[in-house]
Amino acid sequence: MDIIKPRTLSGFMELLPDKQIRFEKMVEILRSTYASYGFAPLDTPAIEDAQILLAKGGGETEKQIYRFQKGDSDLALRFDLTVPLAKYVALHCNDLAFPFRRFQISKVYRGERAQRGRFREFYQADIDIIGDGKLDVLNEAEIPAIIYKVFKGFGLNRFQIRVNNRKILTGFYEMLNLHEKSGDIMRTVDKLDKIGSDKVKTILLEDCGLTEEQAGEILRFIAIRGTNAEVISALEGYTGRSETFDQGLAELKAVTANLSAFGVPEENFAVDLTIARGLDYYTGTVYETTLLDHPEIGSVCSGGRYDNLAGYYIEKQLPGVGISIGLTRLFYVLDEQGLLNPELPSAPADALVLPMTQDAAPAIALAEAVRSQGLKVQLYCEQKKFKQKMAYADKLGVPFAILLGEDEIAEGKCSVKDMRSGQQLKLTAEEAAEHIKNALHCSNIPVILER
RNA sequence: GUGGGCGUGGCCUAGUUGGCUAAGGCGUCAGAUUGUGGCUCUGAAGAUCGUGGGUUCGAAUCCCAUCGUCCACCCCA
């Protein structure tokens, strides 16, 4: 028989158990945080009709989507969670209560060249709030609060939620009569941090065909930095020249005004005029979150406000605001940087019960007794040498091994061995559970430990 | 999609002016008192040198093709 060499495709992440446990921990934090803000869980199919996923048509989506035929069906794998959400809302809008808040943590697929931190299959953790006809700006102010809670929940401190407003940008380009070129300009300006202002200027002049004066105006505009109050006051100087701009500024003020009420510290939030993000459908506030100590990895969470979620599927006007956390990338980078908390328990069980008698019944009962006290307990079922049983406990990384042999059974007790210290005690099942619980008592250990 | 680097046991690497049975480390497995893991010691298994073709007396090493992979660009989480 031919052996097929096992391999995992490039751009797909596969983890060993201890890492997977840490990953799941992050997912749990996301779920509980999202749920705590009243978002409902949603799951949609990984595969959809290609027509639906490609409704928007053209561009990168068409190039990157995994598309295939099965019989006569033209199918595709979802490349994000927003388009499936649009379909879902369009399909069920008569049954949903608006504003509709949902979260979804699922895999998405993109057939592009994989690179460090860039995957072909990866998890997105999305939240969106969809309004029926209207959606108040207050929703846009709440989003950073949720991002903040999630990242703090992971154990991160050095991150920054950067915010801009698309209306400010389009309004500003209207003032310069550059409305048609705004897409190219924004894409260029977005690279400011990466390539520097001289390079940006060169591209604006040569590739975008701007005049020296226009380029100068733009560079001066995106150079506006400082505290939120300082940036906003600098922006006030541009008012009265574009209705769009003025409206964008008003929205930006509304978002920043409620930050402290929502509990977001100023140090984790910044108005940044270079942010453009997802050029096609965002129409108002846009968000991008970066790790301050690892700017090279780019954005780990981004999103914004859009006016018409489901326009391709129904006539109804459904404005919304949402964000997406690139969980796979975030995890990959944190792991690579060695920031995953080594203190976080990553064994599949709290204790491993090792039966040492021919009759396994007492051990089975013991395992169940300890398990019923709320602990994760694995029963070792193999008939191997004691040495090998211990080696297994060691390799699994379980903090405790519970031994049950003739002696213990005769005394009505079991031997509880702390694998880290080597200390061993003879205890009853209840005492054992209590002992282990006290030793672990680790419910609030963060996943990430920043240095 | 465009441009560049690299492919040697499961993993990391040595070996490239072509030359004897391809070397080492990690890991795996088995032993060193069959009720005690990590450490140490001993031993074992495991590679058609990515694949196909070519040059040559002889190819891991040179040439061509192909696949894979990584990096940059594009774009993005």
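Every value quoted in this text rests on a predicted model; they were computed, and no experiment measured them. Lettering of chains follows the sequences in order, A, B, ..., and the numbering in each one begins at 1.
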Nearest whole angstrom, please: distance from the [atom2] of [N] to the [atom1] of [X].
{"X": "A/Gln383", "N": "B/G35", "atom1": "CD", "atom2": "P", "value": "13 Å"}
{"X": "A/Lys194", "N": "B/C75", "atom1": "NZ", "atom2": "C1'", "value": "10 Å"}
{"X": "A/Tyr109", "N": "B/A77", "atom1": "OH", "atom2": "P", "value": "18 Å"}
{"X": "A/Met419", "N": "B/G37", "atom1": "CE", "atom2": "P", "value": "9 Å"}
{"X": "A/Glu112", "N": "B/C70", "atom1": "CD", "atom2": "P", "value": "13 Å"}
{"X": "A/Ile195", "N": "B/C74", "atom1": "CD1", "atom2": "C1'", "value": "13 Å"}
{"X": "A/Arg7", "N": "B/G10", "atom1": "CZ", "atom2": "P", "value": "14 Å"}
{"X": "A/Glu336", "N": "B/C70", "atom1": "CD", "atom2": "C1'", "value": "13 Å"}

side-chain hydrogen bond (donor to acceptor under 3.5 Å, both in side chains), that's the test. Do A/Tyr306 and A/Asp128 meet it? Break it down for me. CA-CA 10 Å; A/Tyr306 40 87; A/Asp128 284 270; 2.6 Å; yes

Tell me the partner of [N], counting only Watson-Crick (N1-N3 plus N6-O4 or O6-N4) or G-U wobble (N1-O2 and O6-N3) with both under 3.5 Å; none if nothing fits.
{"N": "B/G68", "answer": "B/C6"}
{"N": "B/C20", "answer": "none"}
{"N": "B/A44", "answer": "B/U28"}
{"N": "B/G1", "answer": "B/C73"}
{"N": "B/U33", "answer": "none"}

With nearest nucleotide decided by heavy atoms, which residue, A/Phe122 or A/Phe386, maps closer to the 5′ end of RNA chain B? A/Phe386

By nearest heavy atom, map A/Lys426 and A/Lys384 onto RNA chain B; which one lands nearer the 5' end? A/Lys384

If I pick the [atom1] atom on [M] and the same atom on [N], what distance separates them, to the nearest angstrom?
{"N": "B/C64", "M": "B/A77", "atom1": "P", "result": "41 Å"}
{"N": "B/G53", "M": "B/U16", "atom1": "P", "result": "26 Å"}
{"N": "B/G10", "M": "B/G50", "atom1": "P", "result": "13 Å"}
{"N": "B/C12", "M": "B/G27", "atom1": "C1'", "result": "11 Å"}
{"N": "B/U61", "M": "B/G7", "atom1": "P", "result": "11 Å"}
{"N": "B/U48", "M": "B/G9", "atom1": "C1'", "result": "12 Å"}
{"N": "B/G1", "M": "B/C63", "atom1": "P", "result": "26 Å"}
{"N": "B/A14", "M": "B/C62", "atom1": "P", "result": "15 Å"}

Picking from A/Asp18, A/Val447, A/Ile21, what satisfies side-chain contact (heavy atoms from CB on, under 4.5 Å) with A/Leu344?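 The single option meeting the side-chain contact (heavy atoms from CB on, under 4.5 Å) with A/Leu344 is A/Val447.
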
Which residue, A/Phe12, A/Tyr109, A/Phe23, A/Tyr332, forms the ring-ring contact (aromatic ring centres under 6.0 Å, His included) with A/Tyr123? A/Phe23

Lys/Arg-Asp/Glu bridge criterion (N-O < 4.0 Å) met for [X], [Y]:
{"X": "A/Arg101", "Y": "A/Glu142", "value": "yes"}
{"X": "A/Glu368", "Y": "A/Arg371", "value": "yes"}
{"X": "A/Glu121", "Y": "A/Lys107", "value": "yes"}
{"X": "A/Glu251", "Y": "A/Arg305", "value": "no"}

Using a heavy-atom cut-off of 4.0 Å across all strands, would you classify [X] as base, sugar-phosphate, or nothing?
{"X": "A/Lys191", "result": "sugar-phosphate"}
{"X": "A/Arg116", "result": "sugar-phosphate"}
{"X": "A/Glu408", "result": "base"}
{"X": "A/Leu403", "result": "base"}
{"X": "A/Gln124", "result": "sugar-phosphate"}
{"X": "A/Arg120", "result": "nothing"}
{"X": "A/Lys107", "result": "nothing"}
{"X": "A/Asp80", "result": "nothing"}

Under-3.5 Å donor-acceptor pair between [X] side chain and [N] base:
{"X": "A/Arg329", "N": "B/C76", "answer": "yes"}
{"X": "A/Arg113", "N": "B/U2", "answer": "yes"}
{"X": "A/Lys385", "N": "B/U34", "answer": "no"}

Between [X] and [N], is there a side-chain N or O to OP1/OP2 distance below 4.0 Å?
{"X": "A/Ser10", "N": "B/C70", "value": "yes"}
{"X": "A/Arg110", "N": "B/C76", "value": "no"}
{"X": "A/Ser302", "N": "B/A77", "value": "yes"}
{"X": "A/Gln64", "N": "B/C76", "value": "no"}

Are the side chain of A/Arg22 and the backbone N or O of A/Asn341 linked by a donor-acceptor pair below 3.5 Å?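 Indeed, once roles are kept as given, a pair shorter than 3.5 Å links the two residues.
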
Checking side-chain polar atoms at under 3.5 Å, does [X] have a donor or acceptor matched by the opposite partner on [Y]?
{"X": "A/Asn228", "Y": "A/Thr256", "value": "no"}
{"X": "A/Glu408", "Y": "A/Ser415", "value": "yes"}
{"X": "A/Glu288", "Y": "A/Ser299", "value": "no"}

Proximity to the side chain of A/Arg118 - top-ranked nucleotide from B/G35, B/C75, B/A72: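 My answer, after comparing the listed nucleotides, is B/C75.
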
Tell me, which of residues 388-402 of chain A have any heavy atom that sits under 4.0 Å from an atom in RNA chain B? A/Gln388, A/Met390, A/Ala391, A/Asp394, A/Lys395

